[in-house]
Protein chains: 2
Amino acid sequence: MDEAAPQKGTVTQRAIEQIKAMIAEGRLEPGQRLPTERELAVRLGISRSSMREAIRALTVLGVLEARHGSGIYVTALEAGDLLETFGVVADLSRGPRLVELLEVRRILESTATALAAARITDDRLAAVEKHLAAMNATDDPEEILAHDLAFHREIAAAAGNETMAAILDGLSSRTFRARVWRGYQEEGAFARTRREHAAIHRALAARDPEAARTAAAAHVGEVEEWLRAQLGGPDPRPGPR
Amino acid sequence: MDEAAPQKGTVTQRAIEQIKAMIAEGRLEPGQRLPTERELAVRLGISRSSMREAIRALTVLGVLEARHGSGIYVTALEAGDLLETFGVVADLSRGPRLVELLEVRRILESTATALAAARITDDRLAAVEKHLAAMNATDDPEEILAHDLAFHREIAAAAGNETMAAILDGLSSRTFRARVWRGYQEEGAFARTRREHAAIHRALAARDPEAARTAAAAHVGEVEEWLRAQLGGPDPRPGPR
DNA sequence: CCAGCCAAGTGGTCGGACCACTACGGGTTC
DNA sequence: GAACCCGTAGTGGTCCGACCACTTGGCTGG
């Protein structure tokens, strides 16, 4: 009945799988340029429209990169490229799942901070201190948020696990934190946050992994507990969606 | 110069953002049906082709679901839907990043197992035992792998954090484990694996979180260490890609 | 030798046509 | 009256062909 090329699902889905397979099998190397949309379509026996949908899908997944006028390329396939979509999860989650995401972040962030305490170089530690100082030197929430993100990003990078750092990045996406922190900081949590950040930095400087783990876990845990209280709280319409 | 609707990036990218925004703002509820492709295209002022690319992109991200002949729907937006793409990362990663992924899994899995030890119900524990028994009763690698996955999935589910379970699921995708385990099991690691699984189960049955954490960490850590050795090993062409 | 231009080739967008499938309703049958 | 069948309108899926926007590299003219 069915021949060599059986039909399963839509042709676009099939094209996506085929390109993914080409990369997984090593027939397409990171950074390499793919054939033309038009040629790819011919090769797989589908129309250019369907091929474009497949390419677009792989583009949003961070697997391919399309450069207008130049061609289609395989990305570096690094953790950051592929885990970019993780931010979507954080952005579209609401209610109880926000707490779950924070719980995951607490687990990973505490471990990452502990690893960082053992491995961080003096250069990186200086960068951490820079963001810490900048964060305490301003009252602009936007700027604080930016340096806060950079502060944790630097620590995660120092842990030496790019994948973990990329996941934590997604779990701390701008819109995610902005949504949660809007309410959290309104309750005058600035002082507490500064204290916790200082504790994390102190543990890093002392190269004390266990202290770092505890400080980081407490830091994220504070937000987590606050959010948990918000959800089950008195207000019939909980704060963050 | 630019008016109300400024042009940034491709029209498709803009459409993706707009639909995402509609969901984030609550204008589109989970499970709800969207207007037809044709109408959506008209509303956003783009062609149907471009709109289809946007829809396809959101489909692979697990945000939308297209039912042929029926319409386009917002998914339940549960952790499993949105984190399905996590498997792609595991499938396309190779070399050092495989070790990083296992490290992340070790951290999350050990915590999840500890939580499970404290919270697991008798029903779930029975299910865990079922997969454990089935895993030890056969020699078919395929079947062993399937029950192994189910074993850990059941435990992750018992931890009470759907998001974490979904991430672990992605980190243990069939193709991922198949690639790594092919070599690992060849070295006669069956016995060791069974011993470790038994230890995990014992800790769960005893409701001992710390023992469970240790057992799970050791279990994943074994594979992690083996893989690490493979990569830096003697063979110029390391085993798993 | 260099700057600038120009043309070929690429991805991006559009419109329309047709196909495959689903869902709904009216009609038929028991 | 209820259950079944089937036609049909409407949906997503696919394809085609044309044109636009941009990059690139070679060519031309200074």
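Just so it is clear: chains get the letters A, B, ... in the order the sequence lines come, proteins before strands, and each one is counted from 1.
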Phosphate OP1/OP2 of C:dG12: any B:Thr10 side-chain N/O under 4.0 Å: no
Under 4.0 Å from OP1 or OP2 of C:dT22: is there any side-chain N or O of B:Ser70 that close? no
Does [X] use its side chain to pair, donor to acceptor, with the backbone of [Y] at less than 3.5 Å?
| X | Y | answer |
| --- | --- | --- |
| A:Ser50 | A:Ile46 | no |
| A:Glu100 | B:Asn161 | no |
| A:Thr163 | B:Leu101 | no |
| B:Thr10 | B:Gln13 | yes |
| B:Gln18 | B:Ala15 | no |

Ion pair check, A:Lys20 and B:Asp91, cut-off under 4.0 Å: no
Strand-adjacent residues in residues 38-46 of chain A, judged by heavy atoms under 4.0 Å from DNA chain C: A:Arg38
Within residues 50-69 of chain B, the residues having a heavy atom closer than 4.0 Å to DNA chain C are B:Ser50, B:His68, B:Gly69
Taking everything shown except B:Glu84 itself, do over 12 heavy atoms lie less than 6.0 Å from its CD? no
Atom CG of B:Asp140 with >12 non-hydrogen neighbours under 6.0 angstrom: yes
CZ of B:Arg48 versus C1' of C:dA17: gap in Å, rounded? 10 Å
Checking all strands, does A:Ser49 fall into the base, sugar-phosphate, or nothing category for heavy-atom contacts under 4.0 angstrom? base
Just one of B:Arg153, B:His147, B:His152 clears the side-chain hydrogen bond (donor to acceptor under 3.5 Å, both in side chains) bar with B:His131, so which one? B:His147
Shoot me the first and last contacting nucleotide of DNA chain D against chain B, ordered 5' to 3', at under 4.0 angstrom to non-hydrogen atoms. D:dG10 to D:dT14
B:Arg174, B:Arg177, B:Arg182 screened by salt bridge (charged side-chain N to carboxylate O under 4.0 Å, His left out) with B:Glu142, the one that passes: B:Arg174
